[in-house]
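Read the structure below first, then the notes.
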Amino acid sequence: MNKLLQSDLSELESLLEKVKSQGLDYINTIDDRPTSSHQKIPETLGLDKQGLGGRETLQLFNERFEPLIVSSSGPRFWGYVIGGSTPASIMGDWLASIYDQNPQAIKGTGDISANIELETIQLILDLFDLPKSYVGGFVTGATMSNFTCLAVARQWIGKTAGKDFAKEGITEKIPVLTATPHSSAIKSLALLGMGSNNIVKIKTIEGHREAISIDDLEAQIKKLNGRPFILISSAGTVNTVDFDDFKAIKKLKETYNFWWHTDAAFGGFAACSNTHKHFLEDWDYSDSITLDCHKWLNVPYESAVFLVKEEHRLLQTESFQNSNAPYLGDPLENFNYLNFLPENSRRLKALPAWFSLRAYGKEGYTSIVENSIGLGQYFGKKIEESHDFKLLAPVRLNNIVFNLKRKPNQNVLDAFLNQLNGSGKVFMTPTFYHDEKAIRASFVNWRTTEKDVDLVCEEMQRIINAI
C-alpha cells in the first residue's frame, strides 16, 4: 500500500476529528459568516508527484479555498431557492460517503442499498399525501428530475404513434404546452432532442399571475386536432410561486389525450402546510412530478426526486433500460434502478433524506414550511410598509419579488443589489418579472428567523439611503 494511504488510514480517526471540528465551527458561526466572498481567487496549482497526505491537504485547503466558502447553507442566503442541511441529513450524508454504495438492485447478492431509496420514496409520498402509485428515485437535481420525467413522456408520445423513440430516435415534432416553465425543463427538452424552442407558449392569467390560462390552454389543445401532447404545469413558479389550476387540468385530461408533467421542485412542499395545501389539489393526477430535496427538504446538494406513475413502468424501462447488462434479467420482474433512471452510477443520495425524514417526521417539516411561509409574509409586509421598496406581486408562499419604489433605472437597481449582496449579510438574486428587472428573496432555510429579516431590512434601508 502507498505509504501516505497507509499513514492516513492509521490516522483516520484524528483526521476526521479535525474535519468534524472544522465543520462544527462553520455551523456554529454560520450566522456571522458572510453570504458573499471578496477573497482573491487563488491561482490553480498542478498535481504533486508524491502527494501531501490528508493532514497537509486539509491545511492547504484551509489556506487557499476555505476563506472563499460563503454561508449559502445559512439563514440569510435568500438566493436561488437554496435550503440548508438539517443535523440529521448531515449525519446521513457523512454515512453515505463512508459506506459508498451504488444503489441499484433490491435483492440478490452485492449492494442492495436501493431498498433504502425505495423506502425513502415512500416516506416522501407520505409527506406529500401522494398515492403509492408512483415509481420514484433520486437524481442530482430538478434538471435531471425533469429530464427523467420528460424522457418517459417522450416515449409515451412515440408509442401513441406506434413508434419507439428510445430505440429509433425522434422522427417528428413533439407538441409541448406550457406557460411559465423553469429553465431546467427547457434545458431538458433540448437534451432530449425535443427542442427548447419548440414549446407552445400558453398565456397566463391576467393580472399579477404566472399561472396557465385554462381558456387559452384549451384553445391551443383544440388546434392540435386530437394530436397527443405533453403539458408542463407548475406547482410554484420560480419567481412568485404561482400554481396552475390542477383541478381544471384534471378535467381537461378527462377529455384530451396528453402527458401531464408537474414541476413541483419546491412549491410541492406547500402540501406540508395546513393553510396552503389547497394549492395542490388534484396534482396527484399528474403522470409525472419533479421534487427538489436540496431546496425545502433541507438536505445536502445533489438531491432531487422524480415520480412517474406506476402505469408507465414499461415506458420508463424502455427509456432507460441498461441493455448491455443481460444478467439483470427482465427489468419489470427484477427491479433495478439501472433501468428506471439515467445514471448507471450514483451515490446513496437517499440516505440524507431518509435520516432527516425519520428524524423530524411530518410535524417537523410542517413547522419548517410554515415558518418559511410566515417569514415570506413578514418580509413582504416590511416591503409593503416601506417608503423605498415595492412588491411586484402578492406573496403567495415563500418567494418575494420586489423593486425600488422610485422609478429606478437599471444602474440604480444593480448598484443597490451589488451593495446589498456585497455587505455579506444577505444574498438575493436578480430576476425579471413581467419584463421588469427585479430582486427575488426566497425563504427555505430551516434556520431563518424574524431576527434575520429585521437585520436584512435594516441593511437594505442603510444602503438605499446612501444611494
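The residues of the chain are indexed from 1 along the displayed sequence.
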Next item on the list: Begin from the C-alpha positions of F243 and W283 and carry the test ring pair (Phe, Tyr, Trp, His ring centres under 6.0 Å) through to its verdict.
Entry: CA-CA 10 Å; F243 288 77; W283 73 318; 8.9 Å; no
Margin query: I want to know whether Y365 and W296 have ring centres closer than 6.0 Å.
Written below: no
Checklist line | Side chain proximity check, I157 to I230, heavy atoms < 4.5 angstrom | finding: yes
Next item on the list: Could you give me the CA-CA distance, side-chain angles and deciding distance for K349 and E302, then say whether salt bridge (Lys or Arg N to Asp or Glu O under 4.0 Å) is met?
Entry: CA-CA 8 Å; K349 298 177 187 299; E302 288 201 18; 3.3 Å; yes
Notebook entry, point to check: Of all heavy-atom pairs between A353 and T120, which one has the smallest distance, and what is that distance?
Noted result: CB-CG2, 3.9 Å
Checklist line | I90 side chain near S85 side chain, heavy-atom distance below 4.5 Å | finding: yes
Next item on the list: Give the C-alpha distance, both sets of side-chain angles, the deciding distance and a yes or no for salt bridge (Lys or Arg N to Asp or Glu O under 4.0 Å) between K247 and D282.
Entry: CA-CA 6 Å; K247 292 179 68 176; D282 285 342; 5.8 Å; no
Margin query: If only side-chain N and O atoms count, and only distance matters, is there a donor-acceptor pair under 3.5 Å linking W354 with S356?
Written below: no
Check: Considering only heavy atoms from C-beta outward, does the side chain of L357 approach that of L297 to under 4.5 Å?
Finding: yes
Next item on the list: Could you list the residues that satisfy side-chain hydrogen bond (donor to acceptor under 3.5 Å, both in side chains) with R347, not counting sequence neighbours?
Entry: D93, S97
Check: Is the backbone of T275 close enough, under 3.5 Å, to the side chain of S273 for a donor and an acceptor to pair up by distance?
Finding: yes
Next item on the list: Compute the centroid of each ring, for Y337 and then for F138, and state whether the two points are separated by less than 6.0 Å.
Entry: no
Check: Checking T431 side chain against A438 main chain: does a donor-acceptor pair fall under 3.5 Å?
Finding: no
Notebook entry, point to check: Is a side-chain donor or acceptor of D414 paired with a backbone partner of V412 at a separation under 3.5 angstrom?
Noted result: no
Next item on the list: Show your working on side chain to side chain contact (heavy atoms under 4.5 Å, CB included) between N198 and L189 and close with a plain yes or no.
Entry: CA-CA 9 Å; N198 286 336; L189 294 177; over 6 Å; no
Margin query: Taking K309 first and then D287, would you say they form a salt bridge - that is, a charged N and a carboxylate O separated by under 4.0 Å?
Written below: no
Note to self: If we ignore hydrogens and angles and just use 3.5 Å, is the side chain of N339 paired with the main-chain N or O of N322 as donor and acceptor?
What the structure shows: yes
Next item on the list: Please report the C-alpha distance between F306 and F147 in whole Å, then the side-chain angles of each, then the deciding distance to 0.1 Å, and finally whether the ring pair (Phe, Tyr, Trp, His ring centres under 6.0 Å) criterion is met.
Entry: CA-CA 9 Å; F306 66 83; F147 176 90; over 10 Å; no
Check: Is there a salt bridge (Lys or Arg N to Asp or Glu O under 4.0 Å) between R209 and D244 once you walk through the steps?
Finding: CA-CA 10 Å; R209 300 296 303 275; D244 291 329; over 6 Å; no
Next item on the list: State whether the side chain of N102 and the backbone N or O of S345 hold a donor-acceptor pair below 3.5 Å, judged by distance alone.
Entry: no
Notebook entry, point to check: Is there a side-chain contact between N398 and S442 (heavy atoms, below 4.5 Å)?
Noted result: yes
Check: Can you find a side-chain donor-acceptor pair between R76 and S71 that sits under 3.5 Å?
Finding: no
Check: Considering only heavy atoms from C-beta outward, does the side chain of I212 approach that of L231 to under 4.5 Å?
Finding: yes
Check: According to the salt bridge (Lys or Arg N to Asp or Glu O under 4.0 Å) rule, which pairs have a member within residues 210-235, sequence neighbours left out?
Finding: none
Item checked: T86 side chain vs S89 backbone, donor-acceptor pair below 3.5 Å -> yes
Next item on the list: For this output row, return yes or no: ring centroids of F443 and Y378 closer than 6.0 angstrom.
Entry: no
Next item on the list: Under the side-chain hydrogen bond (donor to acceptor under 3.5 Å, both in side chains) rule, collect the residues that match up with R358, sequence neighbours excluded.
Entry: E119
Next item on the list: Take F379 and V395, measure what side chain to side chain contact (heavy atoms under 4.5 Å, CB included) needs, and give me the verdict at the end.
Entry: CA-CA 9 Å; F379 183 59; V395 179; over 6 Å; no
Checklist line | Any residue meeting ring-ring contact (aromatic ring centres under 6.0 Å, His included) with Y256, in chain and number order, not counting sequence neighbours | finding: none
Next item on the list: Verify whether one side chain among D111 and Q104 offers a donor that lies under 3.5 Å from an acceptor in the other.
Entry: no
Next item on the list: Side-chain contact test, heavy atoms from C-beta onward, threshold under 4.5 Å: evaluate it for I221 versus L177 and give yes or no.
Entry: yes
Notebook entry, point to check: Any side-chain donor-acceptor pair under 3.5 Å between S196 and K187?
Noted result: no
Checklist line | Sub-4.5 Å side-chain heavy-atom contact between N334 and K107 | finding: yes
Next item on the list: Report yes if the side chains of I116 and L348 come closer than 4.5 Å at any heavy-atom pair, otherwise no.
Entry: yes
Next item on the list: Scan residues 208-239 for pairs that pass ring pair (Phe, Tyr, Trp, His ring centres under 6.0 Å), counting only residues two or more places apart or in two chains.
Entry: F229-F258
Checklist line | Short N-O contact, K250 and D284, less than 4.0 angstrom | finding: no
Next item on the list: Output yes when a side-chain donor or acceptor of E66 lies under 3.5 Å from a complementary backbone atom of F61, and no otherwise.
Entry: no
Margin query: Under a 4.0 Å threshold between the charged nitrogen and the carboxylate oxygen, would K251 count as salt-bridged to E254?
Written below: no
Next item on the list: Would you sort out whether V135 and R313 count as a side chain to side chain contact (heavy atoms under 4.5 Å, CB included), showing the intermediate values?
Entry: CA-CA 8 Å; V135 174; R313 193 181 181 101; 3.9 Å; yes
Check: Looking at P75 and I30, what are the two nearest heavy atoms and their distance?
Finding: CD-CG2, 4.2 Å
Next item on the list: Taking all non-hydrogen atoms of both residues into account, name the closest pair between R440 and N399 and its distance.
Entry: CD-ND2, 3.8 Å
Notebook entry, point to check: Donor-acceptor pair, T35 side chain versus G424 backbone, under 3.5 Å?
Noted result: yes
Next item on the list: Go through the steps for S233 and T262 under the test side chain to side chain donor-acceptor pair (under 3.5 Å), then give the verdict.
Entry: CA-CA 5 Å; S233 66; T262 296; 2.9 Å; yes
Margin query: Holding to ring-ring contact (aromatic ring centres under 6.0 Å, His included), I want the full list of residues that pass it with Y301, two or more places apart in sequence or in another chain.
Written below: H294
Item checked: All ring-ring contact (aromatic ring centres under 6.0 Å, His included) counterparts of F128, not counting sequence neighbours -> F269
Check: Any side-chain hydrogen bond (donor to acceptor under 3.5 Å, both in side chains) pairs touching residues 141-158, not counting sequence neighbours?
Finding: S145-T290, N146-S184, N146-H261, N146-D263, N146-T290, Q155-D164, Q155-E318
Next item on the list: Ignoring hydrogens and angles, tell me if any N or O in the side chain of N371 forms a donor-acceptor pair with the backbone of S367 under 3.5 Å.
Entry: no
Item checked: Counterpart residues, salt bridge (Lys or Arg N to Asp or Glu O under 4.0 Å), relative to R346 (two or more places apart) -> E117
Notebook entry, point to check: Quick one: ring pair (Phe, Tyr, Trp, His ring centres under 6.0 Å) pairs with a partner in residues 158-191, sequence neighbours left out?
Noted result: none
Notebook entry, point to check: Within the side chain of S303, is there an N or O that forms a donor-acceptor pair under 3.5 Å with the backbone of P300?
Noted result: no
Check: What pairs with Y80 under ring-ring contact (aromatic ring centres under 6.0 Å, His included), at least two apart in sequence or on another chain?
Finding: F427
Note to self: Going by side-chain hydrogen bond (donor to acceptor under 3.5 Å, both in side chains), name the residues that satisfy it together with W259, two or more places apart in sequence or in a different chain.
What the structure shows: S288
